[in-house]
A.B. asks: 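Let me begin by handing over the structure; questions about it come next.
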Amino acid sequence: MRISTSQIYDQNVRSIMNNQEELIKTQEQLATGKRIITPSDDPVGAAKVLRLTEEIDALDQFKRNNDLVTGSLEQQEAVLTNITNSINRARTLVVQSGSGILADPDKRAIGAELEQIKLEIFDLMNTQDADGNYIYAGYQSGNQAFSYNPAATGNAITFSGDAGVSFVQLSNSSKIQSTSNGYEVFENVLSRFKFSVTGSSVANFESAKVSEQGTFDTFFDKNYDPVTAANNNYRVTFLAGNQAQVTNTGTGAIVDTVGFTSGSPFTVKGMQFEASTVAGDTIDFSLNPPEKKSMAESLHVLQEILMDSTIDNSALQEAIADSLVGLDNGLEKISLERASIGSRLNIAESVYESNLDMEIAAKASRSSLQDVDYAEASTDFAKQETALNAALQSFSKVTDLSLFNFI
């Protein structure tokens, strides 16, 4: 077979170009540290690398989400801790204000300190995050969560946000609550259960009050009817033989019958009545609808009473009892919220560690597919460089061959 001069040139040029291309590719792998430079280098491997990269990017975002939600929950925990400390101090002052030996200036001094604690708690309930959002305002985070109007006819401190709560995604299948609305944490606190006398045929009626709060609370929980108001009306009928019978006037059911002495206090279902009666006399009373108010509002009410020297002792004692129940119920609510925050922080930590393990595994898998083996690539580079040099040197020798050299 005859080989033309052009074929010799073409063959040698192709050989040199192929060797040079392989050398450049190996050089690029060494420079970048990547085995797969373009998808054509390994189509299947490139697809796996792309999927693993997307998974790693998602895990990075989940880690950032976790850091944000952890910071938010820790801030909320700090707020609740400070409120708890302030309420414990306020509770001590409330108990102290019930001492019968305190003069009006002493009560006003306690009232002034309670006012400062109230304002401190009010500020804490309106805590803002680093972005200026009110953390307890629900979805209305751009507006103040609680408002204060001391001239209001109802509660002076009211919730101004909404019931919205936010959730943050921590993994493909896990998300946790990152915020709580202020109504559920601070405002949705039951006040002291009470009753009101609505009528009496007793000529000498002295007083009616809750004397055993726990017993009355149990009676209230079992018997209060939020649907039919008439079922919350009761009558104490004084019978012959020094008996007092309590009847639900709405249902006609007899609640209890107790003995009594006219003119002396007697107690039934935690309620204490004192009256001078004769057989046939009656006292009508109703269970008051449950009320809810924040601890700051409870302090506000008591603080105003302490600052008013015209309030008699019985009204003060009633206000103190109301305040103590409100503070205790509020502390219980905060305790539950702190427990919830603790459980959410535990979940966030657990998911963070799981995401970290998954990220390490994904990066290792991607590295095995994508990263270059430097020892192997260096050896290939030296081999390819030698082959290229040999091709260049052989090309010059082959092109010098001629029949005229042998004449």
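Everything quoted here is computed from the prediction, not taken from an experiment.
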A.B. asks: How close do Ala230 and Asn248 get, heavy atom to heavy atom, and via which atoms?
C.D. replies: O-OD1, 4.3 Å

A.B. asks: Is the side chain of Ser262 donor-acceptor paired with the backbone N or O of Ser276 at a distance under 3.5 Å, no angle test?
C.D. replies: no

A.B. asks: Compare every heavy atom of Leu239 with every heavy atom of Gln245, then report the nearest pair and how far apart it is.
C.D. replies: CB-CD1, 4.0 Å

A.B. asks: With no hydrogens and no angle check, is any side-chain donor or acceptor of Ser335 less than 3.5 Å from a backbone partner on Leu331?
C.D. replies: no

A.B. asks: When you compare the side chain of Phe238 with that of Val202, does any pair of heavy atoms fall below 4.5 Å?
C.D. replies: yes

A.B. asks: Take atom CZ of Arg235 as the centre, draw a 6.0 Å sphere, and report whether it contains more than 12 heavy atoms from other residues, nucleotides or ligands.
C.D. replies: no

A.B. asks: Can you tell which of Glu349, Gln177, Glu77 makes a side-chain contact (heavy atoms from CB on, under 4.5 Å) with Arg344?
C.D. replies: Gln177

A.B. asks: Please test Tyr134 against Asn126 for side-chain contact (heavy atoms from CB on, under 4.5 Å), starting from the C-alpha separation and ending with a verdict.
C.D. replies: CA-CA 6 Å; Tyr134 291 90; Asn126 281 318; 4.2 Å; yes

A.B. asks: Kindly indicate whether the side chain of Ile135, heavy atoms from C-beta on, has any atom under 4.5 Å from the side chain of Gln128.
C.D. replies: no

A.B. asks: Does one side chain, of Asn66 or Thr70, offer a donor that lies under 3.5 Å from an acceptor on the other?
C.D. replies: yes

A.B. asks: How many angstroms lie between CZ in Phe285 and CG in Asn232, if you round to the nearest 0.5 Å?
C.D. replies: 10.5 Å

A.B. asks: Do Val189 and Lys292 come within less than 4.5 Å of each other through their side chains, counting heavy atoms only?
C.D. replies: no

A.B. asks: Distance check, rounded to the nearest 0.5 Å: Phe273 atom CZ versus Ile283 atom CD1?
C.D. replies: 6.0 Å

A.B. asks: By the definition ring pair (Phe, Tyr, Trp, His ring centres under 6.0 Å), identify the one residue from Phe216, Phe219, Phe220 that meets it with Phe193.
C.D. replies: Phe220

A.B. asks: Spell out, as yes or no, whether a donor-acceptor pair under 3.5 Å connects the side chain of Thr261 to the backbone of Ser264.
C.D. replies: no

A.B. asks: Is any side-chain heavy atom of Thr198 less than 4.5 Å from a side-chain heavy atom of Asn233?
C.D. replies: no

A.B. asks: Do the side chain of Ser99 and the main chain of Gln96 share a donor and acceptor less than 3.5 angstrom apart?
C.D. replies: no

A.B. asks: For a 4.5 angstrom cut-off between non-hydrogen side-chain atoms, does Leu102 reach Ile110?
C.D. replies: yes

A.B. asks: Roughly how far apart are Asp308 CG and Leu316 CG, rounded to 0.5 Å?
C.D. replies: 10.5 Å

A.B. asks: Could you tell me whether Lys363 and Glu359 have a side-chain N and a carboxylate O separated by less than 4.0 Å?
C.D. replies: yes

A.B. asks: Would you mind reporting whether Val255 and Thr247 have side-chain heavy atoms less than 4.5 Å apart?
C.D. replies: no

A.B. asks: Could you tell me whether Glu115 and Arg108 have a side-chain N and a carboxylate O separated by less than 4.0 Å?
C.D. replies: no

A.B. asks: Ignoring hydrogens and angles, tell me if any N or O in the side chain of Asp131 forms a donor-acceptor pair with the backbone of Asn133 under 3.5 Å.
C.D. replies: no

A.B. asks: Verify, without hydrogens or angle tests, whether Gln140 (side chain) and Asp162 (backbone) share a donor-acceptor contact under 3.5 angstrom.
C.D. replies: no

A.B. asks: To the nearest 0.5 angstrom, please state how far the CD1 atom of Ile121 sits from the CE atom of Met125.
C.D. replies: 7.5 Å

A.B. asks: Could you walk me through whether Ile341 and Leu80 satisfy the side-chain contact (heavy atoms from CB on, under 4.5 Å) test, starting with their C-alpha distance in whole Å, then the side-chain angles of each, then the deciding distance to 0.1 Å, before giving a yes or no?
C.D. replies: CA-CA 10 Å; Ile341 289 175; Leu80 296 180; 3.8 Å; yes

A.B. asks: What's the verdict on side-chain contact (heavy atoms from CB on, under 4.5 Å) for Val185 and Lys333, showing C-alpha distance, side-chain angles and the deciding distance?
C.D. replies: CA-CA 6 Å; Val185 179; Lys333 198 78 172 179; 5.8 Å; no

A.B. asks: Quick check against the 3.5 Å criterion: does Asn329 have a side-chain atom that pairs as donor or acceptor with the backbone of Leu190?
C.D. replies: yes

A.B. asks: Compute whether any side-chain donor of one residue and acceptor of the other, for Thr257 and Gln243, lie under 3.5 angstrom apart.
C.D. replies: no

A.B. asks: List the atom of Phe266, the atom of Gly259, and the distance in Å for their closest heavy-atom pair.
C.D. replies: CB-O, 4.2 Å

A.B. asks: Find out whether Tyr234 and Lys269 are in side-chain contact, i.e. whether some heavy atom of one side chain is under 4.5 Å from a heavy atom of the other.
C.D. replies: no

A.B. asks: Is there a side-chain contact between Val79 and Tyr136 (heavy atoms, below 4.5 Å)?
C.D. replies: yes

A.B. asks: Could you tell me whether a side-chain N or O of Asn155 sits under 3.5 Å from a main-chain N or O of Thr158, the two making a donor and an acceptor?
C.D. replies: no

A.B. asks: By the definition side-chain contact (heavy atoms from CB on, under 4.5 Å), identify the one residue from Asp281, Val246, Asp284 that meets it with Val236.
C.D. replies: Val246

A.B. asks: Nearest 0.5 Å, please: how far is OH in Tyr224 from OG in Ser286?
C.D. replies: 10.0 Å

A.B. asks: State whether the side chain of Ser201 and the backbone N or O of Thr282 hold a donor-acceptor pair below 3.5 Å, judged by distance alone.
C.D. replies: yes

A.B. asks: The test is side-chain contact (heavy atoms from CB on, under 4.5 Å); show your working for Ser298 and Lys293 and say whether it passes.
C.D. replies: CA-CA 7 Å; Ser298 295; Lys293 63 178 69 173; 3.6 Å; yes

A.B. asks: Please report the C-alpha distance between Glu113 and Lys118 in whole Å, then the side-chain angles of each, then the deciding distance to 0.1 Å, and finally whether the salt bridge (Lys or Arg N to Asp or Glu O under 4.0 Å) criterion is met.
C.D. replies: CA-CA 9 Å; Glu113 185 172 352; Lys118 172 194 68 179; over 6 Å; no

A.B. asks: Taking all non-hydrogen atoms of both residues into account, name the closest pair between Thr215 and Gly270 and its distance.
C.D. replies: CG2-N, 3.7 Å

A.B. asks: Side-chain donor-acceptor pair under 3.5 Å between Ser160 and Ser147, yes or no?
C.D. replies: yes

A.B. asks: Any side-chain to backbone donor/acceptor pair from Thr127 onto Leu124? Under 3.5 Å, distance only.
C.D. replies: yes

A.B. asks: For the atom pair CD (Gln116) and CZ (Arg89), what is the distance rounded to the nearest 0.5 Å?
C.D. replies: 12.5 Å

A.B. asks: Sort out for me which residue in Glu74, Gln76, Gln75 forms a side chain to side chain donor-acceptor pair (under 3.5 Å) with Ser72.
C.D. replies: Gln76

A.B. asks: Please verify the inter-ring angle class for Phe146 with Phe186; under 30° counts as parallel, over 60° as perpendicular, anything in between as tilted.
C.D. replies: perpendicular

A.B. asks: Ion pair present between Lys194 and Asp322, side-chain N to carboxylate O less than 4.0 angstrom?
C.D. replies: yes

A.B. asks: For the residue pair Ser97 and Leu306, what are the closest heavy atoms and their distance?
C.D. replies: CB-CD2, 3.8 Å

A.B. asks: So which atom in Val325 and which in Ser191 form the shortest heavy-atom distance, rounded to 0.1 Å?
C.D. replies: CG1-C, 4.3 Å

A.B. asks: Between Gln61 and Asn65, do the side chains contain an N or O donor and an N or O acceptor separated by less than 3.5 Å?
C.D. replies: yes

